[in-house]
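Residue numbers run from 1 in the order of the sequence given. These numbers come from the heavy atoms of this one structure, side chains and all, not from hydrogens, waters or symmetry mates.
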Amino acid sequence: MSWRVVSAASIGALAALQPLAEQVFGAAARHPTWFRRKLVRECIDPALSQVAIRDDAPPGDPRGWIGYILVGRPPSGLPGARAAGAGVLAPWRRRGVGTALLDAAATDAAAHGARILELSAQRELESFYVDRAFAVQQRVTTLLSFARGPGLGATAAGLDADDGRIELHGFLPEAWSRSPPDERSVVRTTVPGVVHWLCREAQAIAVHRTTIARAAAGTDAACRSFAALLEAMPSPTPVLALAMPEVSSITASLRDAGWTDIQRSTVVHRRLCAHPPGSAGQPAVGRR
């Protein structure tokens, strides 16, 4: 059976891809609005995203959708583009669908002025992307621990506290700034010089970013602040530290303190060839 890749702008609202995403990755323990939230927070653009569909199905019929890739251009990553999720239904894998989605996304991103396509790959798929012209930039991990305090909270910090500071780890800035205001905060613990960017993620609290004043920089201060953060939140709230460098003294010290790796991933980049504005590529077509 043949298939083709089309712009996601042709299928209607991107939120309609949620059932497909849940078929690929599973729906267990996900909040009903998780996919819409992802689209907003990760700046997904229908004009840059792609959907693979069976050739016997019209673009607007979800029954014909077999794969997708979500792409946006977050301001923090310009002039690049960023893929925020890609998947293909199991029966359609190993037929070139994933490669065609990546190539179509790269072509359209270049046509819109992007010079790099970035994505965070599952560690077990790192070689898949390297074989398709992506280069490894960084290997990161998400660490999990559990709050153990009475929930007295931490001290709110102003956003200007970031000036001249060293970033210890950080996820996509827009994923924090585009979250509802009542779900996010910037806080200090009792350890001087350290600031954490926190956001509610379902039943967990995620540390999206941590910065430290240059005068206070050091593994000990950072780890003491993470420990103080656990004491400041009610037990047993899950706490996630996102996008931690997989190999660093701070990550190693957090592991020693009981934090565990729950998701290892690799940030990869693919350099894009310049295209004249509006010269998006033709749909890719495959056949079994």
Answer yes or no: is there a side-chain heavy-atom contact under 4.5 Å between [X] and [Y]?
X    : Y    : result
I69  : V5   : no
I205 : R200 : yes
Y129 : L102 : yes
R271 : I116 : yes
V207 : H169 : yes
R188 : V195 : yes
P173 : P75  : no
D55  : M1   : no

Donor-acceptor pair, side chain of [X] and main chain of [Y], under 3.5 angstrom:
X    : Y    : value
R36  : P32  : no
S235 : G149 : no
R93  : V88  : yes
R4   : R54  : yes
H208 : L242 : no
R165 : T211 : yes
S185 : V187 : no
R264 : R123 : no
K38  : A84  : yes
T251 : P245 : yes

R73 vs L78, side-chain contact (heavy atoms from CB on, under 4.5 Å): CA-CA, chis, key distance, verdict
CA-CA 7 Å; R73 300 196 68 192; L78 295 177; 3.6 Å; yes
Near E167 CD, under 6.0 Å, is it more than 12 heavy atoms from other residues, nucleotides or ligands?
yes
For R30, does the CZ atom sit with more than 12 other heavy atoms under 6.0 Å from it, leaving out its own atoms?
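Above 12, so yes.
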What is the minimum heavy-atom distance between [X] and [Y], and which atoms define it?
X    : Y    : value
G60  : P62  : O-CD, 3.2 Å
P59  : W65  : O-NE1, 2.7 Å
A221 : A216 : CB-O, 3.6 Å
A110 : C273 : CB-O, 3.0 Å
I66  : L20  : C-CD1, 4.3 Å
C223 : I250 : SG-O, 3.9 Å

State whether [X] and [Y] are salt-bridged, where the test is any N-O pair (Lys NZ or Arg NE/NH1/NH2 against Asp/Glu carboxylate O) under 4.0 Å.
X    : Y    : answer
R37  : E201 : yes
R270 : D103 : yes
R178 : E174 : no

Output, in order, the C-alpha distance, side-chain angles, deciding distance and verdict of side-chain contact (heavy atoms from CB on, under 4.5 Å) for R255 and D261.
CA-CA 8 Å; R255 290 187 183 115; D261 299 82; 2.7 Å; yes
Should [X] and [Y] be counted in the same cluster of Ile, Leu, Val, Met, Phe, Trp and Tyr side chains packed under 4.5 Å apart?
X    : Y    : value
V267 : F171 : no
V186 : L172 : no
I11  : L70  : yes

Do R139 and V247 pass the side-chain contact (heavy atoms from CB on, under 4.5 Å) test, and can you show the C-alpha distance, the side-chain angles, and the key distance before you say yes or no?
CA-CA 8 Å; R139 292 183 176 92; V247 179; over 6 Å; no
Does the Lys NZ or Arg CZ of R148 fall within the cation-pi geometry relative to F146 - under 6.0 Å from the ring centre and within 45° of the axis?
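Relative to the ring axis of F146, which defines the angle, R148 lies outside at least one limit.
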Stepwise, does the side-chain contact (heavy atoms from CB on, under 4.5 Å) test hold for F128 with V268?
CA-CA 11 Å; F128 172 87; V268 296; over 6 Å; no
Check: H196/T189 side-chain N/O donor and acceptor closer than 3.5 Å
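There is no such pair between these side chains.
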